[in-house]
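Accompanying notes for the structure given below.
Heavy-atom basis, side chains included; hydrogens, waters and symmetry copies ignored. Just follow the structure's listing: the first ligand is 1, and inside any ligand the first atom is 1.
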Amino acid sequence: VPSIDLLGYPIVVESGCLARLGSLVGACASAHRYAVVTDDNVAPRYLAPVRDALISASPRATSSDHVQTVVIPPGEEHKTREQWAAITDALLATGCGRDTTIVAVGGGVVGDLAGFVAATYMRGIPVVQVPTTLLAMVDASVGGKTAVDTPAGKNTVGAFHPPAMVVIDPATLATLPPRELRAGFAEVIKHGVIANADEIDAVVHLAPRVLDGIEVPTVLEPLIERSVRIKANVVAADEREQGLRKVLNFGHTIGHGVEAASDYTLLHGEAIAIGMVAESRLAEQAEIAEPGTASAIERVLGDVGLPTRIPREISVDRIFAAMRSDKKQRRGALEYALPKRVGEMAGESTGWGIPINDALAKSVLEELR
Ligand SMILES: NC(=O)c1ccc[n+]([C@@H]2O[C@H](COP(=O)([O-])OP(=O)(O)OC[C@H]3O[C@@H](n4cnc5c(N)ncnc54)[C@H](O)[C@@H]3O)[C@@H](O)[C@H]2O)c1
Ligand SMILES: [Zn+2]
């Protein structure tokens, strides 16, 4: 199987590969039992083929009791310790032991939650990530971060637990709501800004055609493959986020603040789009980015139909309060991952996090409202 092999686990990107999930998993993450974790939106569409593939690849193909299924309610509000408990209870009730591999089929919520279950169940069992949103394909499923949210904040309880394998079938994007698909392009654009300006052109060319239904999502396969490679290369250099991995936070210091201040009415990718516009302007005004960088990024996001302005009802003070409540940003000047130009990040000498005083950041945010 041709796969991306940069992180010690294979990442397969191939349209239609869900039908071969059994043999793919059998080759790279074989287990006595599989526990498929998915959500109520994904289950009606993809659970049957996933189960069939896992059952038919088993040596005991006549019995299906070695493939368990746990279906959770969809949405970020269910990425909780309560759902972690519900899933582990279900696994315990069906007698899943250390010989079980979890197969997470869904978006980043399912991946993060099922990944955290895998990190902790019986002190850790393997997980195969099968992302079905664009965001999860190019971002959440790769890199080994797992977590749940708590009232104190997003991803506040979690673990590093790299998957045994990642299986990406771009054909599953055909059923994803367009708003979710568009939001996923924000992270693809982010990867382009971080590491390869040519990717930006590819997104501008393809994203509107797919969003308008002129092309089917499987045309995105090469784009997804390259985007995953960019993330995997960064993670390979810095799995535990000591340095370089911080570049993946481009757009996220402000983006997370905007996302929280919108009470999560903005999707993550939408908030990150606004965050990238704001942070690239910040980079220019701080004379870190080449002139023209911010307008180029803003144009691309606009071309894809992503928001580039802060909704008027969200105040700059609320955004800042949310940014300050981030666990890593309590003290001192807020730090940002900022571009030097499209395709290259600044900040190597300061460990890729660049402190910027609040006054400058606030003026940029006011400009964007
Ligand atoms: N671990 C990481 O490194 C990492 C990185 C980025 C984001 N994340 C996490 O990912 C989460 C966001 O993930 P997301 O954007 O995938 O959201 P999501 O998991 O909530 O999925 C979005 C929606 O699409 C539905 N859906 C999923 N696949 C579908 C399909 N193929 N067809 C139809 N509907 C489908 C889901 O049920 C959900 O309603 C956040 O919790 C975020 O913290 C984690
Ligand atoms: Zn993100």
Side-chain angles (χ1 to χ4, degrees), residues 7 18 37-47 49-50 71-80 83 104-116 118-119 127 129-150 153-163 166 168-191 193-194 217 227-228 231-232 234-235 239-241 245 247-256 258-260 264 266-276 279 337:
L7 291 170
L18 212 59
V37 179
T38 187
D39 74 22
D40 281 315
N41 290 333
V42 178
R45 296 170 167 109
Y46 304 110
L47 182 55
V50 163
V71 183
I72 62 168
E76 186 75 33
E77 65 271 32
H78 297 290
K79 204 176 103 177
T80 58
Q83 278 303 323
V105 184
V109 166
V110 165
D112 277 12
L113 183 54
F116 187 51
V127 62
Q129 294 285 355
V130 185
T132 62
T133 66
L134 181 57
L135 182 134
M137 289 177 186
V138 301
D139 195 354
S141 67
V142 175
K145 285 188 183 180
T146 73
V148 293
D149 304 332
T150 73
K154 279 189 71 174
N155 302 321
T156 36
V157 174
F160 282 99
H161 189 61
V166 182
I168 299 174
D169 183 350
T172 59
L173 297 176
T175 56
L176 191 66
R179 187 178 171 198
E180 297 284 351
L181 185 61
R182 183 178 283 116
F185 281 116
E187 303 283 6
V188 179
I189 292 168
K190 181 191 80 178
H191 289 163
V193 173
I194 290 170
S227 200
V228 167
K231 170 141 188 195
V234 171
V235 173
E239 195 159 30
R240 297 256 161 181
E241 198 165 334
R245 195 167 175 166
V247 300
L248 296 170
N249 288 333
F250 170 53
H252 282 62
T253 303
I254 291 174
H256 277 148
V258 171
E259 188 181 8
Y264 297 93
L266 287 172
L267 295 181
H268 176 74
E270 293 167 345
I272 285 344
I274 295 167
M276 287 192 283
E279 292 182 13

**Report entry** Working for salt bridge (charged side-chain N to carboxylate O under 4.0 Å, His left out), residues Glu270 and Arg182
**Finding:** CA-CA 8 Å; Glu270 293 167 345; Arg182 183 178 283 116; over 6 Å; no

**Report entry** Worked check of side-chain contact (heavy atoms from CB on, under 4.5 Å) between His78 and Val109
**Finding:** CA-CA 8 Å; His78 297 290; Val109 166; 5.5 Å; no

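Considering only residues two or more places apart in sequence or on other chains, His191 meets the ring pair (Phe, Tyr, Trp, His ring centres under 6.0 Å) condition with none of them. Remark: His252 engages Glu187, Lys190, Asn249, His256, His268, Ile272 in a side chain to side chain contact (heavy atoms under 4.5 Å, CB included) (not counting sequence neighbours).
The shortest side-chain heavy-atom distance between Val148 and Thr80 does not fall under the 4.5 Å cut-off. Proximity of Leu7 to Val235: side-chain heavy atoms (C-beta onward) are separated by under 4.5 Å at one or more points. Looking at Asp139 and Lys231, their side chains come closer than 4.5 Å, going by heavy atoms from C-beta outward.
For the Zn ion (ligand 2), the neighbouring protein N/O/S atoms at less than 2.8 Å, given as residue and atom, are Glu187 OE2, His252 NE2, His268 NE2.
Lys79 and Asn155 form a side-chain donor-acceptor contact under 3.5 Å, judged by distance and modelled atom types alone.
Rounding to the nearest 0.5 angstrom, the gap separating the CG atom in Asp112 from the CD atom in Glu76 is 8.0 Å.
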Ligand 1: protein N/O within less than 3.5 Å of ligand N/O:
unit_1	atom_1	unit_2	atom_2	d
ligand 1	1 (N)	Asp112	OD1	3.0
ligand 1	1 (N)	Lys145	O	2.9
ligand 1	13 (O)	Gly108	N	3.1
ligand 1	16 (O)	Gly108	N	2.8
ligand 1	16 (O)	Thr133	OG1	2.6
ligand 1	19 (O)	Gly108	N	3.1
ligand 1	19 (O)	Val109	N	3.0
ligand 1	28 (N)	Thr132	O	3.3
ligand 1	28 (N)	Thr132	OG1	2.7
ligand 1	31 (N)	Thr132	O	3.0
ligand 1	31 (N)	Thr172	O	3.0
ligand 1	31 (N)	Thr175	OG1	3.4
ligand 1	32 (N)	Thr175	O	3.4
ligand 1	32 (N)	Thr175	OG1	2.7
ligand 1	37 (O)	Asp39	OD1	3.2
ligand 1	37 (O)	Asp39	OD2	2.7
ligand 1	37 (O)	Asn41	ND2	2.9
ligand 1	39 (O)	Asn41	ND2	3.0
ligand 1	41 (O)	Glu76	OE1	2.6
ligand 1	41 (O)	Glu76	OE2	3.2
ligand 1	41 (O)	Lys79	NZ	2.8
ligand 1	43 (O)	Lys79	NZ	3.1

